[in-house]
Amino acid sequence: MEQSSTSALLQGTVLDLASDVVSALRSGDHVRAGGTLTGGGAGEGVARAAVRVLGADTLLPTALLRVPPDPGQLAVFKDAVAAHPPRDDAAPAVVWSHWAMARALRRLEQPLTDPLADDPGAEPGAGWLDDAGWQSLTHQLAVLAPLALPGEECAVTRAARRRPVDVARGFVRAVRRRDWQQAAGAGRWLTLLDGVPDTLGLEAGLDFVRLMGGSDPRVALQLEAARLMPAGVLL
């Protein structure tokens, strides 16, 4: 029962944090982005875990809008990175998520004793994406949507650039399966890729995802990122 309660609290905190980020992206107000983490509603451990789930997108308003992060939110984010480095046997997506969070801190010139933060060349491998089928590729890219940023350069973005048609196929499949979170994540990537088929109708597709799944703040976050992407500039 206690484990179930903790899981429900974490899930609720993730949704609240995603809602904060969506509000900040829409308003440009960094205070809104930090409300869930600094308002005292979630315990320290739950707050850190929620940041790990949302990943580098916790600081998305800073990346896309140059909005200074809330100091309390940044402190929790930094603690989440430092306290939970990936294990040696961690899945590639977990390693890349950690890398993306560490890179977000490095952009803000936040000191962190972590080779992934201190060494820009300490990049994980991404050969597993080149070997993935288009369905698996789309799933993994949706999980790694925080890496879909204008001007971002890493092995994951290069893998996505090589396979725009496969990502487009995955987007259509996700929509047909009503997997709005995956569809939104794939759509976010597609806004950055060259060679996306015109027949996809990406803009209309994203509007449909917003209509059907936009009440989920995790979906709304990806859609807001996609909307802002053409104008976004990384720090």
Side-chain angles (χ1 to χ4, degrees), residues 51-60 62-64 77 80-82 84-108 110 112-174 177 179 181-197 200 202 218 221-223 225-226 228-230 232-235:
V51 168
R52 295 295 300 183
V53 172
L54 208 59
D57 274 346
T58 305
L59 299 182
L60 189 59
T62 298
L64 289 180
F77 186 92
V81 176
H84 301 285
R87 302 183 311 185
D88 292 340
D89 61 347
V94 173
V95 177
W96 271 103
S97 178
H98 180 81
W99 183 87
M101 294 175 72
R103 178 177 240 190
L105 287 175
R106 191 171 64 246
R107 287 198 184 99
L108 294 171
Q110 288 290 311
L112 184 68
T113 305
D114 186 322
L116 292 179
D118 296 335
D119 181 4
E123 185 179 290
W128 53 286
L129 288 178
D130 292 329
D131 298 332
W134 61 270
Q135 300 97 325
S136 177
L137 173 72
T138 305
H139 169 74
Q140 295 296 336
L141 288 179
V143 171
L144 295 173
L147 287 167
L149 293 169
E152 181 71 278
E153 185 62 36
C154 68
V156 172
T157 58
R158 290 189 291 272
R161 289 190 200 115
R162 288 192 291 268
R163 302 177 65 180
V165 175
D166 283 345
V167 181
R169 290 176 69 189
F171 173 78
V172 172
R173 178 176 182 267
R177 292 166 61 92
D179 186 342
Q181 195 169 345
Q182 185 174 128
R188 174 174 168 178
W189 278 104
L190 288 167
T191 62
L192 295 176
L193 302 182
D194 295 326
V196 176
L200 177 65
L202 179 59
R218 295 167 300 180
L221 187 157
Q222 303 301 335
L223 295 173
L228 293 168
M229 208 71 78
V233 179
L234 287 179
L235 289 173

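Computed from a prediction, not measured in an experiment: that's the story for all the values here. The figures here come from the full heavy-atom set of this structure, side chains too, leaving out hydrogens, waters and symmetry mates. Here, residue 1 is the first one in the sequence, and each next residue gets the next number.
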Can you sort out the partners of Trp189 under ring pair (Phe, Tyr, Trp, His ring centres under 6.0 Å), two or more places apart, ordered by chain and number? none

Atom CG of residue position Asp194 - does it have more than 12 heavy atoms of other residues, nucleotides or ligands inside 6.0 Å? no

To check you understand the geometry: which heavy-atom pair defines the closest contact between Thr191 and Ala226, and what is its length? CG2-CB, 3.8 Å

Those residues at least two apart in sequence (or on a different chain) that pass side chain to side chain contact (heavy atoms under 4.5 Å, CB included) with Pro164 are Leu193, Val196

For Pro124 and Trp99, the nearest pair of non-hydrogen atoms, with its separation, is CD-CD1, 3.5 Å

Answer yes or no: is there a side-chain heavy-atom contact under 4.5 Å between Leu228 and Leu60? no

Looking only at non-hydrogen atoms, find the nearest pair between Ala82 and Pro85 and report the distance. O-CD, 3.7 Å

How long is the gap from CZ on Arg169 to CZ on Arg163, to the nearest 0.5 Å? 9.5 Å

Sequence neighbours excluded, the answer for side chain to side chain contact (heavy atoms under 4.5 Å, CB included) partners of Arg162 is Asp130, Arg158, Ala159

Qualifying residues under side chain to side chain contact (heavy atoms under 4.5 Å, CB included), relative to Ala91, sequence neighbours excluded: Val94

Nearest heavy-atom pair of Val165 and Gly195: which atoms, and what distance? CG2-O, 4.3 Å

Considering all heavy atoms, the nearest Gly125-Trp96 contact: O-NE1, 3.0 Å

For residues 182-192, pull every pair meeting salt bridge (Lys or Arg N to Asp or Glu O under 4.0 Å), keeping only residues two or more places apart or in separate chains. Asp57-Arg188

Any side-chain heavy-atom pair of Leu192 and Thr157 under 4.5 Å: no

Kindly list each side-chain donor-acceptor pair under 3.5 angstrom involving residues 137-148, sequence neighbours excluded, with atom names and distances?
residue, atom, partner, partner atom, Å
Thr138, OG1, Trp134, O, 2.9

Taking side chain as C-beta onward, heavy atoms only, is Arg52 less than 4.5 Å from Met101? yes

